[in-house]
Amino acid sequence: MLTRPRLRFFTALRSPISTRRLATESRLASDHVRIVEVGPRDGLQNEKQSISMETKLDMIQRLAKTGVTTIEAGSFVPAKWVPQMASTSEICQKLLVSPPSAQHTIAYNYLVPNIKGLESLVKIMDETGVPADATGVDSKAATTTEISLFAAATEAFSKANTNCTIAESLERIKPIVALAKTRNIRVRGYVSVALGCPYEGPEVNPSTVADITASLLEMGADEVSVADTTGMGTAPRTMELLQALKAAGIANTDLALHFHDTYGQALVNTLVGLEHGIRIFDSSVGGLGGCPYSKGATGNVSTEDLIHTVHSLGMHTGVNLEEMSRIGSWISGELGRANDSRAGKATLGRLSG
Ligand SMILES: CC(C)(COP(=O)([O-])OP(=O)([O-])OC[C@H]1O[C@@H](n2cnc3c(N)ncnc32)[C@H](O)[C@@H]1OP(=O)([O-])[O-])[C@@H](O)C(=O)NCCC(=O)NCCSC(=O)C[C@@](C)(O)CC(=O)[O-]
């Protein structure tokens, strides 16, 4: 029977406001939280109905105006595996040639499952002549191009998601990172099913997650997003995982957290991450999402809810909640699905009086 770590954050919440604020502030290394908007990729990859390239591009263009600095724009995967991502090449080409106007540099990120995926991206970069770091090209439309690659914390999920073992997937990743580095492409790693696996259950070994995270960083990943793919994570198990990552010598600045909200625990787990010092969180506008290889998993934590929570703590994201809420409502309407963001709906309700 595992002894779960005690949660200091919730002790702090029971203190009077002024003490609480001071206690929280003293623990916060920085009060800026970077949001990685995964809606156009993780959010849309599991939608049953086909979504046009124009709608996806429109979504990305709207997101670029909210203040968010990293947007997952698609994935270079075989269409037979994830049909919804079939328009990624076209989207990538358009974002490189005429990036949406924005007041700041935006990193457009593409998921690649293997070297072939990265080669497809590099080919488009070569054809358009736009380098991975185009910040010097036009300050109004500055962009960078990033990739994400992924490994899983369980053998069963690794097999289902990438058709190979964990060890094989790490071998597969090495040349991808090497090629990315020669092209100045920033690399994000993902460790999926870190807090629960659809095939092996909720008790995923935190040391396995820490080992895989360390391997990805050693290979040259610039940050690793630890993902609760199934949403089975709880606050004590999130804390336990973060402690295992710390014990393995992994710096908080190298980590992001990626929560799905299947059991309604994503924001609770986010608070645990914030308390621990993590400052990068993935989320999806309107709470879109679900993983094709995790049956029943619902969307990511909604970006609107994440912004609202972070701002309520006196921290900042640089992302406009009202704009994000409008996008959540719009894209939900386009997809004919319910808007899964409570903060988004409440914000729009307040704005409409
Ligand atoms: C890794 C593979 C490709 C292995 O799939 P495989 O079938 O073993 O691949 P293969 O190397 O045997 O190739 C089979 C065919 O696919 C082609 N092919 C091969 N690679 C590519 C490519 N990149 N782009 C386009 N085509 C490709 C290849 O050329 C060949 O074509 P054929 O000769 O049959 O005509 C497959 O398992 C795969 O694509 N898996 C990814 C599935 C996926 O996208 N899952 C969802 C994303 S992960 C996720 O959502 C979790 C995350 C990240 O959000 C975090 C979280 O919450 O956990």
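Atoms within each ligand, like the ligands themselves, are counted from 1 in listed order.
- Side-chain contact check for Asp42 versus Ser284: every heavy-atom pair is 4.5 Å or farther apart.
- Within the listing of ligand 1, atoms 23 (N) sit less than 4.0 angstrom from a heavy atom of Gly117.
- Counting heavy atoms only, Lys116 comes closest to atom 26 (N) of ligand 1 of the residues Lys116, Gln84, Lys80.
- By the 4.5 Å heavy-atom criterion applied to side chains, Leu149 and Ile147 are counted as neighbours.
- Applying the ring-ring contact (aromatic ring centres under 6.0 Å, His included) test to Phe76 and every residue at least two apart in sequence or in another chain returns Tyr110.
- Residue contacts with ligand 1 for Arg188 are absent, since no atom lies close enough (heavy atoms, distance under 4.0 Å).
- Using cut-offs of 30° and 60° on the angle between ring planes, the pair His258 and Tyr190 is perpendicular.
- The ligand atoms of ligand 1 that sit less than 4.0 angstrom from a heavy atom of Arg41 are 47 (C), 49 (C), 50 (O), 52 (C), 53 (C), 54 (O).
- At a 4.0 Å heavy-atom cut-off, ligand 1 does not touch Met85 at all.
- When side chains are defined from C-beta on, Val310 does not count as touching His316, because their heavy atoms never get closer than 4.5 Å.
- Comment: Glu323 engages Arg326 in a salt bridge, judged by a side-chain N to carboxylate O separation of less than 4.0 angstrom.
- Of the candidates Asp42, Val38, Leu121, Asn114, Asn114 brings a heavy atom nearest to atom 23 (N) of ligand 1.
- Ligand 1 places these atoms under 4.0 Å from at least one heavy atom of Ser192: 51 (C), 55 (C), 56 (C), 58 (O).
- Between Asp228 and ligand 1, a contact under 3.5 Å exists for no N or O pair.
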Identify all side-chain donor-acceptor contacts of residues 169-177 below 3.5 Å with residues at least two apart in sequence or on another chain.
{"residue": "Ser169", "atom": "OG", "partner": "Ile166", "partner atom": "O", "Å": "2.7"}
{"residue": "Glu171", "atom": "OE2", "partner": "Lys174", "partner atom": "NZ", "Å": "2.8"}
{"residue": "Arg172", "atom": "NH1", "partner": "Thr162", "partner atom": "O", "Å": "3.1"}
{"residue": "Arg172", "atom": "NH2", "partner": "Thr162", "partner atom": "O", "Å": "3.4"}

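- Of the N or O atoms in Thr229, one or more lie within a sub-3.5 Å distance of an N or O in ligand 1.
- In Pro78, the parts holding a heavy atom less than 4.0 Å from any atom of ligand 1 are both the side chain and the backbone.
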side-chain contact (heavy atoms from CB on, under 4.5 Å) evaluation trace for Arg279 with Leu274: CA-CA 7 Å; Arg279 292 292 178 271; Leu274 284 169; 3.9 Å; yes
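- At a heavy-atom distance under 4.0 Å, no atom of Glu72 approaches ligand 1.
- Every atom of ligand 1 is numbered from 1 in the order shown, and the set under 4.0 Å from a heavy atom of Asn163 is 6 (P), 8 (O).
- When the heavy atoms of Asn161, Thr88, Asn46 are ranked by distance to atom 41 (C) of ligand 1, first place goes to Asn161.
- Here Asp222 pairs with Lys181 in a salt bridge; the nearest charged N to carboxylate O distance falls below 4.0 Å.
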Start with the C-alpha distance between Arg34 and Thr70, add both sets of side-chain angles, then the distance that settles side chain to side chain donor-acceptor pair (under 3.5 Å), and finish with yes or no. CA-CA 8 Å; Arg34 177 156 69 85; Thr70 310; 3.0 Å; yes
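- Distances from atom 2 (C) of ligand 1 to the heavy atoms of His260, Arg172, His258 show the closest one on Arg172.
- Side-chain contact annotation: Ser312 with Thr309, donor-acceptor N/O pair under 3.5 Å absent.
- Not one N or O of Tyr190 is nearer than 3.5 Å to an N or O of ligand 1, by distance alone.
- At least one N or O atom of Phe76, backbone or side chain, sits closer than 3.5 Å to an N or O atom of ligand 1.
- In summary, the atoms of ligand 1 found under 4.0 Å from a heavy atom of Leu111, numbered by their order in the structure, are 47 (C).
- Contacts between Val82 and ligand 1, counted as non-hydrogen atom pairs separated by less than 4.0 Å, involve the side chain only.
- Glu304 has no carboxylate O lying under 4.0 Å from a charged side-chain N of Lys345, or vice versa, which leaves the two without a salt bridge.
- Residue Ala227 approaches ligand 1 through these ligand atoms, each under 4.0 Å from one of its heavy atoms: 55 (C), 56 (C), 57 (O), 58 (O).
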